[in-house]
Amino acid sequence: MEASRHWRLKQERYTLMGEICPHCKEKIFPPRDFCPACGEDARNLFQFSGRGEVYSFTTVYQAPAGYEENAPYTIALVRLEEGPMLTAQLTDMGDETVEIGMPVEMVTRRLRSDGERGMLVYGYKFRPQLARAISA
Amino acid sequence: MIAMEKKKKALSDIIIVGIGMTPVGEHWGKSIRELALDAITAARSDAAGLKPQAIFVANMLAPYLSGQTQLAALLADFAGLRGIEAVTLEAAGASGGIALRQAYLALASGLVDTALVVGVEKVTDRSSAELEAALSTASDADHEAVHGITSTAQAAILMRRYIYENNMPADALAYFSINAHTNAVTNPNAMYRRAIQIEDYTHASMVSEPVNMFDAAPIADGAAALFLVRDDGSPNMLPHPRVRIAASAAISTAVALHDRTDPLELYTSAESSKLTLQQAGLKHDDIDLFELHDQYSVYAALSLEAVGFAERGQGWRLALDGAISRSGRIPICTFGGSKARGDTGGATGVYQLAEATLQLQGRAGENQIANAKIAMVQCLGGTGATAATHILELVDGS
């Protein structure tokens with residue numbers, strides 16, 4: 001079930017809470033306590049905006065166990081506007097064609113399910129930036 | 001003088017005296033222990049029946065797919081070696097190189113005189129969804145795998161970005177696959193002994209765009225083994241020309257692909273190969289063949305760049321112009337690589353090392369690289385969080 005494992009990560013999964021290094025000001029996601037840039041202690045929380053752009057992407061057809069019902073799905077590396085990159089699925093694409101550099105924003109969605117009686121895991125996915133989509 | 005004596009002793013040659021490999025494929029009739037036994041038996045027989053004091057097992061997936069930990073103890077016992085030191089090493093696709101590294105350190109320390117390195121993987125007992133889930137454990141579980149990423153998807157993300165940044169033709173990576181298939185035709189252990197043409201590549205079905213069927217190596221069952229001894233300097237009766245480990249290095253970095261400053265830069269490949277060249281006092285020109293990580297074709301291009309055989313963004317050109325062929329400037333995947341010999345997860349590195357050994361001993365048959373004396377062998381874990389690089393060298397006059 002791993003309920004506690006996912007519960008521990010709720011802040012980063014649901015709200016994109018990361019950290020900022022008090023020494024070199026590097027913004028860090030996911031939070032990790034040692035700054036990957038300067039190696040110093042970094043425990044100050046930092047709220048990411050949830051906006052970013054697609055670094056690269058692909059579509060998964062042959063999904064791992066726990067993800068089959070969503071397949072095929074698009075998965076990307078997203079560069080957050082504050083600097084760090086993360087791995088996430090793209091969602092709510094509508095008629096839009098994904099491309100490198102596409103502006104996207106974070107939403108909360110179901111990540112996986114473990115059968116009818118199993119646990120549902122929620123977390124961040126990314127969709128085309130809404131403001132941009134409306135003005136277009 | 002005493003210091004020099006000590007140094008000389010510590011650096012006495014570690015020799016690969018025997019190798020064994022099973023064919024890579026779908027071995028429905030064989031369990032993980034039976035596959036490993038075949039390779040162990042072959043390597044011991046190749047090493048004139050020597051007995052190892054320790055066994056180092058490279059494996060990635062047995063805990064997930066075979067429900068087995070303590071694999072090394074299990075294999076030692078099953079191979080009639082009950083009582084010896086046995087340890088399992090896991091670093092995803094780099095497990096084989098990491099296991100050789102540990103055997104090398106044990107032998108170089110002087111505490112172990114003879115050792116077996118065994119790589120084994122058994123993947124065909126499970127469904128493809130179970131296998132994909134097991135393979136995705138090579139990524140960061142909390143920040144990559146939970147989002148449904150697969151090793152194929154990660155390669156596709158890299159390949160799309162590589163094509164985008166370098167403005168190259170869509171089929172530019174085809175020649176890695178064509179080269180691998182050409183070399184596998186004469187390898188009796190290869191899974192796909194069939195040459196392919198450019199049309200096969202351009203018409204291949206997509207696996208995860210832009211990765212097509214011929215960019216992705218098939219994963220299958222297999223086992224390979226190396227028998228190692230520390231050379232005590234006395235004239236010996238070793239059955240084959242002596243191949244020594246001239247250099248050994250292992251490097252790690254962030255497991256998550258998104259945590260790398262530049263995902264297209266294989267940091268561990270670059271740093272570990274640089275260390276081995278320094279240790280051996282060699283230059284790129286001295287390397288006669290390079291067995292690299294080609295689980296997906298984009299990794300072959302990125303590895304050639306990281307190690308320094310090509311400029312950034314130019315690795316694909318070495319495939320296009322034939323430099324990677326058996327008669328080229330820097331032959332790679334000389335027995336078919338993961339693409340055509342078949343990928344065996346944590347055992348792949350041991351296959352690469354066994355194949356390079358055959359090349360240096362002049363026992364590569366139709367796959368022989370003429371006058372091969374020095375080989376670089378590199379395996380990567382996942383998207384390259386771990387790299388293990390070795391340089392093997394034919395000992396003069398052996």
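Letters go in sequence order (proteins before strands), and every chain restarts at 1. Note: hydrogens, waters and symmetry copies are ignored here, and every other heavy atom, side chains too, is used.
When B:Val146, B:Ile149, B:Leu158, B:Leu257 are compared by the number of non-hydrogen pairs under 4.5 Å with chain A, B:Val146 comes out ahead. Ranked by non-hydrogen atom pairs under 4.5 Å with chain A, the options B:Ala256, B:Ala134, B:Pro263 are led by B:Pro263. Chosen from B:Ala141, B:Ala156, B:Ala145, B:Gly148, the residue pairing most often with chain A at heavy-atom distances under 4.5 Å is B:Gly148. Looking only at heavy-atom pairs under 4.5 Å with chain B, the residue among A:Pro30, A:Pro72, A:Ala63 that has the most is A:Pro30. The candidate with the highest count of non-hydrogen atom pairs below 4.5 Å against chain B, out of A:Val121, A:Ile100, A:Leu77, A:Val78, is A:Ile100.
Using a 4.5 Å cut-off between heavy atoms, B:Ala254 makes no contact with chain A at all. In this structure, chain B has a heavy atom under 4.5 Å from the backbone of A:Ala76, while its side chain stays farther away. For chain A, no part of B:Ile163 is nearby; none of its heavy atoms comes within less than 4.5 Å. Neither the backbone nor the side chain of B:Val211 comes within contact range of chain A, judged by heavy atoms closer than 4.5 Å. Of the two parts of A:Ile75, the backbone and the side chain both hold a non-hydrogen atom closer than 4.5 Å to a non-hydrogen atom of chain B. With a 4.5 Å cut-off on non-hydrogen atoms, A:Val60 touches chain B through its backbone and its side chain both.
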Every donor-acceptor pair from chain A to chain B under 3.5 Å, please, each on its own line.
unit_1: A:Arg5; atom_1: NE; unit_2: B:Asp142; atom_2: OD1; d: 2.9
unit_1: A:Arg5; atom_1: NH2; unit_2: B:Asp142; atom_2: OD1; d: 3.0
unit_1: A:Glu12; atom_1: OE2; unit_2: B:His143; atom_2: NE2; d: 2.8
unit_1: A:Arg13; atom_1: NH2; unit_2: B:Asp142; atom_2: O; d: 3.1
unit_1: A:Tyr55; atom_1: O; unit_2: B:Arg161; atom_2: NH1; d: 2.8
unit_1: A:Ser56; atom_1: OG; unit_2: B:Ile157; atom_2: O; d: 2.6
unit_1: A:Phe57; atom_1: O; unit_2: B:Arg160; atom_2: NE; d: 2.6
unit_1: A:Thr58; atom_1: OG1; unit_2: B:Glu209; atom_2: O; d: 2.6
unit_1: A:Thr59; atom_1: O; unit_2: B:Ser208; atom_2: OG; d: 2.5
unit_1: A:Gln62; atom_1: NE2; unit_2: B:Ser128; atom_2: OG; d: 3.3
unit_1: A:Ala65; atom_1: N; unit_2: B:Ala129; atom_2: O; d: 3.1
unit_1: A:Tyr67; atom_1: OH; unit_2: B:Ala145; atom_2: O; d: 3.2
unit_1: A:Tyr67; atom_1: OH; unit_2: B:Val146; atom_2: O; d: 2.7
unit_1: A:Tyr73; atom_1: OH; unit_2: B:Gly148; atom_2: O; d: 2.6
unit_1: A:Thr87; atom_1: N; unit_2: B:His258; atom_2: ND1; d: 3.1
unit_1: A:Thr87; atom_1: OG1; unit_2: B:His258; atom_2: ND1; d: 2.7
unit_1: A:Gln89; atom_1: NE2; unit_2: B:His147; atom_2: O; d: 2.9
unit_1: A:Tyr124; atom_1: OH; unit_2: B:His147; atom_2: NE2; d: 3.4

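Nearest heavy-atom pair across B:Ala133 and A:Ala65 is CB-N, 3.9 Å.
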